[in-house]
Every structure is written in C-alpha cells, then in structure tokens.
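Fair warning: this is a prediction, and the values are worked out from it, not measured in the lab.
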Amino acid sequence: MTHLDMSVVIGFRDWGANRLNVAVKSIQNSFGNQSGEIILVDYGSSDPTIAIEIAERLQLKLAQVTDAPVWSRSRALNAGFALAAGDLYISTDADMLFAPKTLETVYQWWRSSGESAMFLQCRDLPESVTIDDLSSQQIDWPHLESVSSLRPRWGVGGMMAISQAGFRQLRGLDERMTTYGREDMDFALRARRMGLRMVWVEEKLARIYHMWHTPTSVVLKNDINATRSVNTNRRIYSEDATVSRNRTVWLHSEEVPLPIVSIVFTDGLKANHDLIQMLRLQTVSSFEIIVPEHFANELGSLPDSRIRLCPESDGSLTSLLGSCRGRYVLPLSGVKVIARNYLEKMLDVMGGMTRLVIADGLHGKNEKSDTLLLDASRKLRGCMFERATFATIVTRFEQERTLTRDSFVAIAEKNCLEHTLANEAYFLEDDVLAVVNNDELSMASVIDSDLFWPFLIASDSEISVQVAGENIALLDGVPLEGDLTISTVSIDGKYIFSESLLRNATVEDLLRLFSYGCEFTRVDMRNNVKVTPVLGQGWAIDALRWIVDRIQWTPYSAIFVDKDVEDPDLGTLDTMCYSSGIQRKHDESCEDLKIFLTRDKQESDLVFNRLQSSVKFVLLGQT
C-alpha cells in the first residue's frame, strides 16, 4: 500500500453538486508536495448519484450510508475515517474552499509541533461571491482575502487535524451527537484532555474560506427535533468530561479499533475462567485481556481473540504493561465477580484530569478483621488507571507490600494523580463478604441482588431475556439450552425491533447471543411467572412511532390497512401519501400491514374512502 501523508474526510447530506465539486478540487490543489487522499461520505442523501459521479470523476474514495434517519456529522466523519490510510486525519465540510498549499502547510506545522491537534481559522465569504464565480478556472485568491471576514474561534469545525493514533485513542467523534453543533468543539476538548497541544495554524499560505449559504440554524430554527438534538449536543459537550467515546456502541468504527481498556491478569486464565466469561458479557466490549505468556496452554478453554499473551513477563503488573494497547489499564486478578456494566460505569467517570478511578460501590472486607487487607496488589484490584501513569504508581505499590487503603490514595495524591470514585461500579473479591454503605451483607443477599445478574443467581431463579438485533432470524435452529421465542417487527423489509424472549437461558446461551451480534435485556420473571410477547396492535403502534421519528413530521392521521389489499388506486395513494409496509413475525405466524400517513383531512378521507373495507384501525395525530 502506498504511504499517504494525509486523509481528508468530507461528510455531507443533500449537498449541491457544484459546491461539492469546488470544495473537492480546492483540497486536491492544496496538498502541494505532500501525498493525500480525499474521502467523501454521503450520509443519507436523497440522490446518491451526485456523490458517485464526483467520486468517480475525481478518483476519490466514497462511503455511502443509506440507513441514516437523521444527519449526524460525527457519524459521517467517523464513517470516512474508518477508510482512511494517512498519517494525519483531517476533517472539513463540503462548503469549505482551500487555498493552494494550505494542507501542505498544515502538515508541515503538524510535523514540527510535536504531539498536537491542528486547527485553521476560516474566513466567511459574502453572498455576492457565488458558486459560479468559484467554479471558474482561475480563482482570484487576493480578492477572496479582501472581501472575506475572519470567523471568531468559538468553533473549530472548518478544519481539524489529528494523528491517526490520536483519533483512534479518542475513538472518533461522539456519535450520540446528531443534526449539528458542538461535535467539533467536543472533539477538540477531548484531544486537549488527552494531552495534545492545541495549535492554530497562522500562516498566509494556509487559508480556508466558507462558501456562503443560508445558515443551518435558520433552516432548522422551527424544527422541534433539531432543537432537541442541539440541546443534547450541548449537554454532552458541557457535562461529559470523558476522553474516549462511543464506548458501548460505535456504528462507524474502523474494522479493528484499539481497545479502550487493557485488563491485566497476573495469575493466568484458569484461575479467572468465570470472571473472563463475565467480561465477555460486559456492556462495553472494547477491551483486551493481557496474561503472561507461560499461561499459553490455558488459551484453549477460552477462545477469544481479545486475550493476548505478554511474551516477557516476570508475573508483575509492570512487566505486563508493555503489551497493553488500551488507553486505560485495569488489574483484576483476585476479583470474583463484577457487575455487567462495571467497565461502563468506570469509564463514565474517567474524564477531565482524572487519571485513576476507584470502584467504590462494593469493596472487600476481611472476614476476620474490621480492617481492609493490607497487601498492595489487593488495593489495585478493580482500579482503573490511565496507562501513561500506571507504571509509576504500580511500581511504588509493588515495592511496598503493606499499604493501607488510605496510603494508596495518599500516594496517588503525592504523585499529582487526580482520582475519583465510581460509586456505581460494583465488584466482589474472592475471599470476602460484600459491604454496602458499611453494612455487612450475607453472601445470600448478594446472590439475590440484581447487581451481579446473570451471575451468582439463586438456584430457584430463572434467567430470561428479551433479545434484540438484526441477526435474530439467524438464531432460528441454533441449539440453545433455553427456550427461544422469536418475535420481530420490520418496516419495508428492514428489522426495527424485537419482542423475542429467551427463557431458562444459561450463561453460555447469552454468550451465543453475543456471538450472533444480538443484544439482550433482563425480563422480570419473579415467582417464575411465564411472560409472553404482547400480541394485538401494540407492535404496529410502536412501528408507527419509529416511522414518525424518522420522517420528523407529525401526520394528521395514520391509517393501517391489510398489506395484501387489491385496489387499482393503491399506486396513486402510495404516490400521494407517505406509506410504509410493516411486518410482525412471531414464531411460525406472520402479520403484514401497510400504514398511510396523511397530512390533512382531505388526504385522510381519500385514503379511508378508497380502502375502507381493508382498514384495520385509524390513529389521529394533528387535529
């Protein structure tokens, strides 16, 4: 593969061909003597042929995301960087015009700036500078400089640049953010928290200009859903201090992303077999397990590609550190059981200047003493460290074998190691009772607790889960110890949600669900009451809610009819109104309906009068 200096990603949706063409050509001319590629990401455009034609003509990489109910710049850029091969990752927009040698200059600044993230302040062009003007063969760059206005540095989205390694550690832009706003500022803030210098490129050879168009905020100012998304973005930006994002779901990741956490075992796989099975069911699956190489003969019992051997280890934690690739390190030797959301809760508070997280929900207590056990390794169990600071702190603990919990925190503070407690992260050690709020509980009480479901379940309990995921149909015929009832709902042939149930499941069954890419949530089976998926019309109403969220307008009415109705005017109605076919499969049975969404009373009366004999039921929206 040819080495590339830079990868530039442009994400867009329903963008004009002329403006996009101008932007791409300007980027190609700005590489100068550096090598680079441009990746177009068409994120749900109504006409996908525009991007295809430009990508073919200008020899660009193209990623097309067709299943995109709402615009998300974060997801679009992530989808592009998943294909990137350059050393420097650069994001920009389809309305940015790059002066010649701009990106060559940015790249050279990056090479001389050490560990840094690069930004470029854009200049806004007036409405009088049209796309036709910019499409000419010779752009008058001095004129653009004279008529443009410098945009304040409150936003950084015009151009951001970060190393490939830095992007992977941050795990891309936050895909919870949709519509527009704050995703660029959030990404830059996380880069700074990760330790990168923020560098604004200040040089006349580096210029970017924003091509005028009606501001997005004006277009969407009356859109309730867009306003809700903007408020969500602001809340994430101001309240979430974590560095690595997309922890539980990362829709548009590279094929093999770096793990977030390196889980370290010094005592091998056999001693931790049950705990590793619990880890495989964590809500955060982006981790690796590091063990000394001399435990290689135990790998056969745990076939998981996330288990890695450390080739040179004396059995100490510090010797295993060199094999860790995660941003965070978590020693777990000696832990008996962890909650299913343990990693998620630890990562939720690992942000800002925090370099150490201590699980404070449950902790071990010596059965024979009122004081915590004193050996140093015990104090490290279940604590999550930032990898860069792990070796320094752990070395001190391995040199001093009689440290108390207080001195553990004290040493962290002496080393200027910011730490915090994860109050909702729960784990138990192998030779202790549980302590909650300083009240000692019996082990039976813990076994009955929801904290460690589905592990340590009482003998008379039953593991039952609701199963979700696009691959549920693949489970038909798969041998499971539990009793699986498959019940799914699809819209226009695409899976949407599920009410499938797996009763009397074993942990191995749950691992099998994971292997098929299926998700599961616990179903309350108190007193072993049999729960059956709810039949009737509820599934159709749930499907309607999903459709309304997708189209982002409230219909006057929703008319549900038999899908197989034979009517010569059906095609006319499909053209006139928004319609979707919905389907529910429940074991061997199948129910098909069609929904017509009308915009006013006239459309509603028309559909109802023509299809009256086939109408199942009608819901009114606006009145």
Side-chain angles (χ1 to χ4, degrees), residues 1-2 4-32 34-68 70-86 88-104 106-107 120 122 125 129-141 144 157-161 173 180 183-184 207-214 216 219 252 254:
M1 180 182 295
T2 304
L4 290 173
D5 296 321
M6 293 173 279
S7 293
V8 181
V9 174
I10 303 174
F12 62 91
R13 181 190 186 102
D14 290 325
W15 207 243
N18 291 338
R19 186 183 286 111
L20 180 60
N21 191 66
V22 169
V24 169
K25 285 185 175 180
S26 74
I27 292 173
Q28 289 179 325
N29 292 330
S30 75
F31 285 135
Q34 309 301 148
S35 60
E37 63 177 353
I38 300 174
I39 304 170
L40 290 185
V41 183
D42 182 355
Y43 200 80
S45 292
S46 56
D47 182 3
T49 61
I50 293 176
I52 294 173
E53 187 277 327
I54 291 178
E56 290 179 349
R57 176 164 48 82
L58 299 180
Q59 297 183 329
L60 313 174
K61 283 185 180 179
L62 175 63
Q64 287 191 297
V65 181
T66 56
D67 181 23
V70 296
W71 163 250
S72 170
R73 186 170 182 266
S74 292
R75 298 174 192 173
L77 292 176
N78 285 350
F81 287 123
L83 305 177
L88 183 64
Y89 283 7
I90 299 172
S91 65
T92 189
D93 292 325
D95 54 9
M96 288 295 169
L97 183 71
F98 283 67
K101 293 193 175 182
T102 292
L103 289 182
E104 178 183 20
V106 169
Y107 181 84
L120 192 55
C122 82
L125 294 174
V129 178
T130 67
I131 298 302
D132 289 339
D133 295 335
L134 299 174
S135 299
S136 63
Q137 292 297 318
Q138 296 295 327
I139 295 178
D140 188 345
W141 296 104
L144 297 186
M159 190 227 73
M160 299 190 300
L173 288 88
Y180 72 95
E183 75 288 326
D184 55 342
R207 290 285 189 266
I208 56 174
Y209 300 90
H210 177 253
M211 294 179 272
W212 187 92
H213 60 83
T214 303
T216 306
V219 175
H252 304 292
E254 59 185 339

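Shortest non-hydrogen contact noted between Ala63 and Ala79 is CB-O, 4.4 Å. The two residues Ser74 and Glu183 make their nearest non-hydrogen contact at OG-CB, 3.2 Å. Nearest heavy-atom pair, Phe98 versus Leu103, reported as atom, atom and distance to 0.1 Å: CE2-CD2, 3.7 Å.
Under a 3.5 Å cut-off, the side chain of Thr102 and the backbone N or O of Arg207 do form a donor-acceptor pair. Panel note: side chain Thr92, backbone Gly158; a donor-acceptor pair is recorded below 3.5 Å. In this structure, Arg13 contributes its side chain and Ala76 its backbone to no donor-acceptor pair below 3.5 Å.
The CG atom of Leu120 sits 12.5 Å away from the CE atom of Met160 when rounded to the nearest 0.5 Å. Between atom CE of residue Met159 and atom OG of residue Ser91 there is a gap of 7.5 Å, rounded to the nearest 0.5 Å. Separating the CD1 atom in Ile54 from the CG atom in Asn18 is a distance of 8.0 Å, to the nearest 0.5 Å. The CG atom of Leu20 sits 5.0 Å away from atom CZ of Phe12, with the distance rounded to the nearest 0.5 Å. Here the CZ-OG distance, from Arg19 to Ser135, works out to 10.0 Å after rounding to the nearest 0.5 Å.
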Taking only distance into account, with no hydrogens and no angle test, what donor-acceptor pairs under 3.5 Å do side-chain atoms of residues 34-44 form with protein atoms, sequence neighbours excluded?
| unit_1 | atom_1 | unit_2 | atom_2 | d |
| --- | --- | --- | --- | --- |
| Gln34 | NE2 | Asp5 | OD2 | 2.9 |
| Ser35 | OG | Asp5 | N | 3.0 |
| Ser35 | OG | Asp5 | OD2 | 3.2 |
| Glu37 | OE1 | Lys61 | NZ | 3.0 |
| Glu37 | OE2 | Ser7 | OG | 2.5 |
| Glu37 | OE2 | Ala85 | N | 2.9 |
| Asp42 | OD1 | Ser45 | N | 3.1 |
| Asp42 | OD1 | Ser45 | OG | 2.5 |
| Asp42 | OD2 | Gln64 | NE2 | 3.3 |

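Remark: Thr130 pairs with Asp133 by the side-chain hydrogen bond (donor to acceptor under 3.5 Å, both in side chains) rule, at least two apart or across chains. Listed by chain and residue number, Ser46 satisfy the side-chain hydrogen bond (donor to acceptor under 3.5 Å, both in side chains) test with Asp14 (two or more places apart in sequence, or in another chain). With sequence neighbours left out, the side-chain hydrogen bond (donor to acceptor under 3.5 Å, both in side chains) criterion links Thr49 to Asp47. With sequence neighbours left out, the side-chain contact (heavy atoms from CB on, under 4.5 Å) criterion links Leu144 to Leu97, Leu125, Val129, Leu134, Ile139, Trp141, Tyr209.
For the pair His213/Trp15, a side-chain contact is recorded, criterion being any heavy-atom separation below 4.5 Å from C-beta on. Contact of the His210 side chain with the Met96 side chain is registered, since non-hydrogen atoms from C-beta on lie closer than 4.5 Å. Residues Val65 and Arg75 have side chains not in contact (no heavy-atom distance under 4.5 Å, counting atoms from C-beta outward). With a 4.5 Å cut-off on side-chain heavy atoms, Leu60 and Gln28 count as touching.
Pairs engaging residues 88-97 under the salt bridge (Lys or Arg N to Asp or Glu O under 4.0 Å) rule: Arg73-Asp93 [sequence neighbours left out].
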